[in-house]
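Read the structure below first, then the notes.
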Amino acid sequence: MPIRPENLHRYPRDWPQISARIRFVRACGRCECTGQCGLAHPGGRCPAVHEQTHPDTGSVVGLTTAHLNHTPEDVRDENLLAACQLCHLRIDHGHHRVTRSLTLAARAAAAGQLGLLPDTELVRTEPPTPPRPAQGRTRTTALHQLPLPQPEQETKPMARITITIESLHADDTVCEHALRPSGKPRDPASGCTGRTGFRATCSDCGVIASAYLRLLVEPEARAHRAGHKAAPVPATR
């Protein structure tokens, strides 16, 4: 489900990787709902599969990751559930009603209409606000206590490297064919068997990471590039 802009700061920076692991590694691309949405699924588990037609709604399934306690900061595995759009909306239905009621009450209060809405006991928990740093006076440093300027050191350029992320066939050969979002070839006559993985390669170090999802390879590529920035090569004269 799309994240509201005002809630983006509540999600961890590696949320795309966490969500992908829950949906495609743990759930194997199938909805994990076993009744949390309030529906009785045949066989006990929702049959909806990612990028396939939903058996109840008839729309294409886009597997999402739901927070069972509706707290984006809580990314424990037991609080996360791979869910189709239908199950996710039903799981969040009560929380959405709370949010809507509080929003309408706040708007009415701002307009001076406190008596137009009935009192409600709905409560929504929010993360605590961190305390502000103490604002005290800073001590003025005497001129003789200031550090002396240090001589400029010779700058060293960063090593020129190139990190590429390539799509792979099942036999580890590079796939350069036009593919669908599901990884299947758009033109079956091209002989392409489809994308089954990704590989990150450094021009200086060779292969540095490989996985079946691009989201799992990109962090390794960024960390490797940062390592090269931290270790520059000596300048040449």
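Hydrogens, waters and symmetry mates are skipped; everything else that's a heavy atom, side chains included, is used.
For Ala211 against Leu216, the heavy-atom pair with the smallest separation is CB-CB, 3.9 Å. Residues Ala48 and Arg30 approach most closely at O-CG, 3.4 Å, considering heavy atoms. The heavy-atom pair separating Ala27 from Arg45 by the smallest distance is O-NH2, 3.4 Å. Contact detail for Ser59 and Thr57: the closest heavy-atom pair is OG-OG1, 3.0 Å.
The main-chain N or O of Gln36 is never found under 3.5 Å from a side-chain atom of Arg90 such that the two would form a donor-acceptor pair. His54 contributes a side-chain N or O that, together with a main-chain N or O of Asp56, makes up a donor-acceptor pair within less than 3.5 Å. One N or O on the side chain of Arg26 and one on the backbone of Asp77 form a donor-acceptor pair closer than 3.5 Å. At least one donor-acceptor pair closer than 3.5 Å links the side chain of Gln85 to the backbone N or O of Val60. Of the possible donor and acceptor atoms, none in the side chain of Asn69 sits under 3.5 Å from a partner among the backbone N and O of Asn79. Using a distance-only test at 3.5 Å, with no hydrogens or angles considered, no donor-acceptor pair links the side chain of Gln52 to the main chain of Val61.
Atom-to-atom distance recorded for Glu166:CD and Thr201:OG1 is 5.0 Å, nearest 0.5 angstrom. We find the OG-CD distance between Ser167 and Glu176 to be 9.5 Å, quoted to the nearest 0.5 Å.
Annotation: Glu78, atom CD; neighbour count of heavy atoms from other residues, nucleotides and ligands within 6.0 Å is above 12.
Under the 4.5 Å side-chain heavy-atom criterion for grouping Ile, Leu, Val, Met, Phe, Trp and Tyr, Leu68 is not connected to Ile22 through any hydrophobic cluster. Residues Leu215 and Trp15 are members of separate hydrophobic clusters, defined by side-chain heavy-atom contacts under 4.5 angstrom among Ile, Leu, Val, Met, Phe, Trp and Tyr. When the side chains of ILVMFWY residues are joined at heavy-atom separations under 4.5 Å, either directly or via intervening members, Ile18 and Leu8 end up in a single hydrophobic cluster. Following chains of ILVMFWY side-chain contacts shorter than 4.5 Å, one can reach Ile208 starting from Ile161, so the two form part of one hydrophobic cluster. By the criterion of side-chain heavy atoms lying less than 4.5 angstrom apart, applied directly or through intervening Ile, Leu, Val, Met, Phe, Trp or Tyr residues, Leu89 is not grouped with Ile91; the two fall into different hydrophobic clusters.
Looking only at side-chain heavy atoms (C-beta outward), Phe198 and Ser210 stay at 4.5 Å or farther from each other. In this structure, Cys33 and Cys84 have side chains that are not in contact, with every pair of non-hydrogen atoms separated by 4.5 Å or more. Looking only at side-chain heavy atoms (C-beta outward), Asp14 and Pro219 stay at 4.5 Å or farther from each other. Using a 4.5 Å heavy-atom threshold, the side chains of Arg10 and Thr71 count as touching. Side-chain contact between Val174 and Arg199 is present, with at least one heavy-atom pair separated by less than 4.5 Å.
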*Run the side-chain contact (heavy atoms from CB on, under 4.5 Å) check on His41 and Cys87 step by step: do they pass?*
CA-CA 11 Å; His41 300 294; Cys87 293; 3.8 Å; yes
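Remark: the Thr173 side chain and the His169 side chain contain an N/O donor-acceptor pair separated by less than 3.5 Å.
Test Leu81, Leu63, Thr65 against Glu32 for side chain to side chain contact (heavy atoms under 4.5 Å, CB included) and you get one pass: Leu81.
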